[in-house]
Amino acid sequence: QVQLVESGGGLVQAGGSLRLSCAASGGTFSRPPMGWFRQAPGKERDFVAAIRWSGDITYYTDSVKGRFTISRDNAKNTVYLQMNSRKPEDTAIYYCAARKRGDWAFGLEYTTVGPYDSWGQGTQVTVSS
């Protein structure tokens, strides 16, 4: 059973920084693409960032480009989301996602929820103005 566990959420003032982590365990991963999504109250779950298993290709939603950075450490089976210059509109529950079996192909479909088959429980991030 694959398990994704997020950590690092909390309260931060606008302009501050925060780093989220997502550790994967259990099951079998093969070149897993991984991503971060977020869901604000009353809204749908939206894409934030994604990274290919090799770490060399990343995608970001426009609103976080230049502020957020996704990275991964495959030796630790962990993906990170460094969030700088936080804004109140970044307030949401942040979810980590993975596709257990990936390959070299890593297209824009990974900016949607569809390809992912494993999800974390989410971590709350609140940005105060």
Side-chain angles (χ1 to χ4, degrees):
Q1 183 73 19
V2 171
Q3 187 175 21
L4 302 177
V5 178
E6 301 100 335
S7 61
L11 175 65
V12 64
Q13 288 189 330
S17 298
L18 205 62
R19 188 177 82 157
L20 303 182
S21 299
C22 171
S25 62
T28 301
F29 287 93
S30 176
R31 299 175 176 173
M34 298 188 75
W36 287 96
F37 291 76
R38 65 187 178 186
Q39 188 167 16
K43 296 188 177 181
E44 295 183 348
R45 189 170 299 188
D46 292 329
F47 168 74
V48 177
I51 186 167
R52 190 165 77 162
W53 68 273
S54 52
D56 58 340
I57 298 177
T58 57
Y59 298 122
Y60 297 93
T61 190
D62 286 345
S63 63
V64 308
K65 286 180 180 178
R67 300 190 298 122
F68 291 11
T69 302
I70 188 171
S71 61
R72 65 191 296 163
D73 184 339
N74 288 337
K76 298 180 179 180
N77 289 328
T78 300
V79 65
Y80 305 97
L81 186 68
Q82 177 67 43
M83 303 181 291
N84 299 329
S85 303
R86 298 304 306 275
K87 302 177 180 180
E89 52 265 40
D90 294 325
T91 295
I93 299 174
Y94 283 70
Y95 295 91
C96 173
R99 180 176 178 84
K100 293 190 293 291
R101 296 188 180 277
D103 54 33
W104 284 102
F106 184 66
L108 290 176
E109 67 272 16
Y110 286 99
T111 66
T112 67
V113 300
Y116 299 96
D117 49 24
S118 299
W119 292 85
Q121 80 288 351
T123 185
Q124 177 70 48
V125 174
T126 302
V127 183
S128 62
S129 58

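Here the structure is a predicted model, which means the values were calculated and not measured. Reckoned from all heavy atoms, side chains included, excluding hydrogens, waters and symmetry mates.
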Let's go through Leu20 and Trp36 carefully: what are the C-alpha distance in whole Å and the side-chain angles of both, what is the deciding distance for side-chain contact (heavy atoms from CB on, under 4.5 Å) to 0.1 Å, and is it a yes or a no?
CA-CA 10 Å; Leu20 303 182; Trp36 287 96; 3.7 Å; yes

Assess whether side-chain contact (heavy atoms from CB on, under 4.5 Å) is satisfied between Val12 and Met83, documenting all intermediate values.
CA-CA 11 Å; Val12 64; Met83 303 181 291; over 6 Å; no

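For Gln121, the side chain to side chain donor-acceptor pair (under 3.5 Å) partners at least two apart in sequence or on another chain are Glu6. Residues satisfying the ring-ring contact (aromatic ring centres under 6.0 Å, His included) test with Phe37, not counting sequence neighbours, are Phe47, Tyr116, Trp119. Applying the side chain to side chain donor-acceptor pair (under 3.5 Å) test to Gln124 and every residue at least two apart in sequence or in another chain returns Thr126. For Lys87, the salt bridge (Lys or Arg N to Asp or Glu O under 4.0 Å) test picks out no residue, with sequence neighbours left out. Scanning for salt bridge (Lys or Arg N to Asp or Glu O under 4.0 Å) contacts around Arg52 gives Asp56, with sequence neighbours left out. Under the rule for a side chain to side chain contact (heavy atoms under 4.5 Å, CB included), the partners of Ala23 that lie at least two apart in sequence or sit in another chain are Thr78. Residues satisfying the side chain to side chain contact (heavy atoms under 4.5 Å, CB included) test with Gln3, not counting sequence neighbours, are Val5, Ser25. With sequence neighbours excluded, the residues that form a side chain to side chain contact (heavy atoms under 4.5 Å, CB included) with Asn84 are Ser17, Gln82. With sequence neighbours excluded, the residues that form a side chain to side chain contact (heavy atoms under 4.5 Å, CB included) with Ser128 are Leu11, Gln13. Not counting sequence neighbours, the partners of Arg67 by the salt bridge (Lys or Arg N to Asp or Glu O under 4.0 Å) test are Asp90.
Taking CZ from Arg38 and CG from Leu81, the interatomic distance works out to 9.0 Å, rounded to the nearest 0.5 Å. Atom OH of Tyr59 sits about 8.0 Å away from atom OG1 of Thr111, to the nearest 0.5 Å. Going from atom CG of Leu4 over to atom OG of Ser118 covers 5.5 Å, rounded to the nearest 0.5 Å.
Trp53 and Phe29 are members of different hydrophobic clusters when ILVMFWY side chains are connected at heavy-atom separations under 4.5 Å. Grouping the Ile, Leu, Val, Met, Phe, Trp and Tyr side chains by contacts below 4.5 angstrom, directly or via other members, places Ile93 apart from Val48. There is no path of hydrophobic side-chain contacts, each under 4.5 Å, that joins Tyr110 to Tyr60.
With a 4.5 Å cut-off on side-chain heavy atoms, Asp46 and Thr61 do not count as touching. Proximity of Glu109 to Pro33: side-chain heavy atoms (C-beta onward) are nowhere separated by under 4.5 Å.
The shortest heavy-atom contact between Ala92 and Ala40 is CB-N, 3.8 Å.
Side-chain atoms of Thr58 do not come within 3.5 Å of backbone N or O of Ile51 as any donor-acceptor pair. The backbone N or O of Ser54 lies less than 3.5 Å from no partner atom in the side chain of Asn74, so there is not a single donor-acceptor pair.
Within the structure, ring pair (Phe, Tyr, Trp, His ring centres under 6.0 Å) pairs that include any residue of residues 78-100 do not occur (at least two apart or interchain).
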Do any side-chain atoms of residues 96-108 form donor-acceptor pairs under 3.5 angstrom with protein atoms, and if so which ones, sequence neighbours left out?
residue	atom	partner	partner atom	Å
Arg99	NE	Arg101	O	3.3
Arg99	NH1	Pro115	O	2.7
Asp103	OD1	Ala105	N	2.9

